[in-house]
Amino acid sequence: MTDIRLVVLDMAGTTVADGGLVERAFAAAAAELGVRPDSADHAEKLAYVRATMGESKISVFRHLFGDESLAQRGNAAFEKAYGELVDEGLISEVPGARAAVEELRADGLTVVLTTGFARVTQDAILDALGWRDLVPLTLCPADAGGRGRPYPDMVLEAFVRTRAAEDVRQVAVVGDTSYDMLSGVRAGAGLVAGVLTGAHDGTALRAAGATHVLGSVAELPALLS
């Protein structure tokens with residue numbers, strides 16, 4: 001634990017509380033593509049969205065709708081709807097998240113924030129919380145060649161760009177979904193910690209490779225001290 005030098009933190013569900021806005025934004029996007037809210041098709045698609053929380057959203061829409069043009073339309077509608085909900089003030093930090101990041105940085109660790117959202121949505125969240133200057137680097141799937149979680153690309157991109165660690169085992173990956181855990185495991189991170197403030201429970205997080213499960217990100221500085 002004492003040799004961790006780079007901490008890669010997820011946003012929604014881990015450091016950012018969005019109160020189920022992903023599902024609300026998906027419902028808006030699905031409706032735009034002709035999926036009736038009360039249909040079995042909607043329920044099936046929503047179940048997939050829940051199961052794949054943490055994944056790049058465009059990848060989710062590609063799986064759900066197959067056709068690339070439909071996937072792009074759906075993703076654009078999703079990002080627009082989510083951004084509007086953010087603009088309405090419907091997100092907040094997970095209690096203690098900012099303080100945890102500041103404590104980690106004060107202890108000499110480099111912290112990177114990552115997301116499965118598009119850059120425009122990530123920036124809207126950072127602006128809404130006043131987090132633009134909180135960390136030296138934020139990453140979305142497009143910043144890492146287009147592949148989001150469960151691929152390890154964003155974790156490895158953080159490793160390469162920051163040069164904060166000499167070995168991937170000096171990286172800690174923290175998130176609230178199974179896909180966060182998988183991305184950390186596949187990147188070779190030395191610590192892969194799940195938090196219980198988001199989409200998946202401790203059983204699912206451990207099954208996906210979590211080495212630790214925390215109540216929230218507020219507990220992370222103590223774990224790494």
Side-chain angles (χ1 to χ4, degrees), residues 8-33 35-38 42-43 45-61 64 71-102 111-135 138-143 148-149 154 174-180 194-201 204-205 214-220:
V8 180
L9 291 177
D10 170 53
M11 292 180 65
T14 302
T15 55
V16 179
D18 71 1
L21 296 193
V22 167
E23 293 189 14
R24 290 175 61 179
F26 170 76
E32 183 161 322
L33 294 180
V35 179
R36 294 200 326 274
D38 58 348
H42 183 277
K45 285 179 167 58
L46 181 58
Y48 183 81
V49 169
R50 288 171 174 160
T52 57
M53 286 288 188
E55 185 177 354
S56 167
K57 296 300 175 280
I58 184 59
S59 297
V60 173
F61 279 96
L64 291 176
Q72 292 291 344
R73 277 181 56 203
N75 187 62
F78 171 87
E79 299 285 355
K80 180 176 181 289
Y82 194 96
E84 289 172 351
L85 293 167
V86 169
D87 290 342
E88 290 175 21
L90 299 179
I91 63 166
S92 61
E93 71 166 287
V94 167
R98 183 186 184 104
V101 171
E102 291 174 339
V111 180
V112 175
L113 292 174
T114 64
T115 185
F117 295 131
R119 167 56 62 183
V120 63
T121 305
Q122 184 176 38
D123 285 347
I125 295 170
L126 294 170
D127 288 339
L129 296 176
W131 281 9
R132 280 284 189 170
D133 299 320
L134 182 61
V135 297
T138 62
L139 295 172
C140 67
D143 298 320
R149 311 178 192 106
M154 285 195 291
V174 184
D176 67 297
T177 71
S178 297
Y179 278 10
D180 289 310
V195 295
L196 301 177
T197 50
H200 295 157
D201 63 19
L205 295 169
L214 309 176
S216 85
V217 71
E219 299 173 18
L220 186 61

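Here D123 pairs with R119, L126, R132 under the side-chain contact (heavy atoms from CB on, under 4.5 Å) rule; sequence neighbours left out. Residues that satisfy the salt bridge (charged side-chain N to carboxylate O under 4.0 Å, His left out) test with E102, not counting sequence neighbours, are R98.
Under the 3.5 Å distance criterion, the side-chain polar atoms of T197 are matched with a main-chain donor or acceptor of G13. In this structure, the side chain of E23 does not engage the main chain of L46 through any donor-acceptor pair within 3.5 Å. Checking side-chain atoms of E79 against main-chain N and O of A118 turns up a donor-acceptor pair under 3.5 Å. Looking only at distances, no side-chain donor or acceptor of N75 sits under 3.5 Å from a matching main-chain atom of Q72. The closest donor-acceptor contact from the side chain of T115 to the backbone of M11 lies at 3.5 Å or more, if one exists at all.
Between the side chains of T177 and R149, not a single donor N or O lies within less than 3.5 Å of an accepting N or O.
Here the closest non-hydrogen pair linking A218 and P95 is CB-O, 3.9 Å. When all heavy atoms of F117 and P141 are compared, the pair lying nearest together is O-CD, 3.5 Å. Heavy-atom minimum distance, H42 versus A30: CD2-CB, 4.3 Å.
Separation of atoms CG (L134) and CD (E93) is listed at 9.0 Å; rounding is to 0.5 Å. The NE2 atom of H200 lies 9.0 Å from the CG atom of D180; values are rounded to the nearest 0.5 Å. Note: L129 CG to I91 CD1 = 4.0 Å, rounded to the nearest 0.5 Å. Atom CG of residue L9 and atom OG1 of residue T114 lie 7.5 Å apart, to the nearest 0.5 angstrom. D176 contributes atom CG, which lies 11.5 Å from atom CG of D201 (distance to the nearest 0.5 angstrom). Distance check, rounded to the nearest 0.5 Å: OG1 of T138 to CE of M154 gives 11.0 Å.
Between F26 and the options V35, L21, L64, a side-chain contact (heavy atoms from CB on, under 4.5 Å) holds for only L64.
In this structure, T15 and W131 have side chains that are in contact, with non-hydrogen atoms separated by less than 4.5 Å. Looking only at side-chain heavy atoms (C-beta outward), Y82 and I125 come within less than 4.5 Å of each other. Side chains of L196 and L205 form a contact here, defined as non-hydrogen atoms less than 4.5 Å apart.
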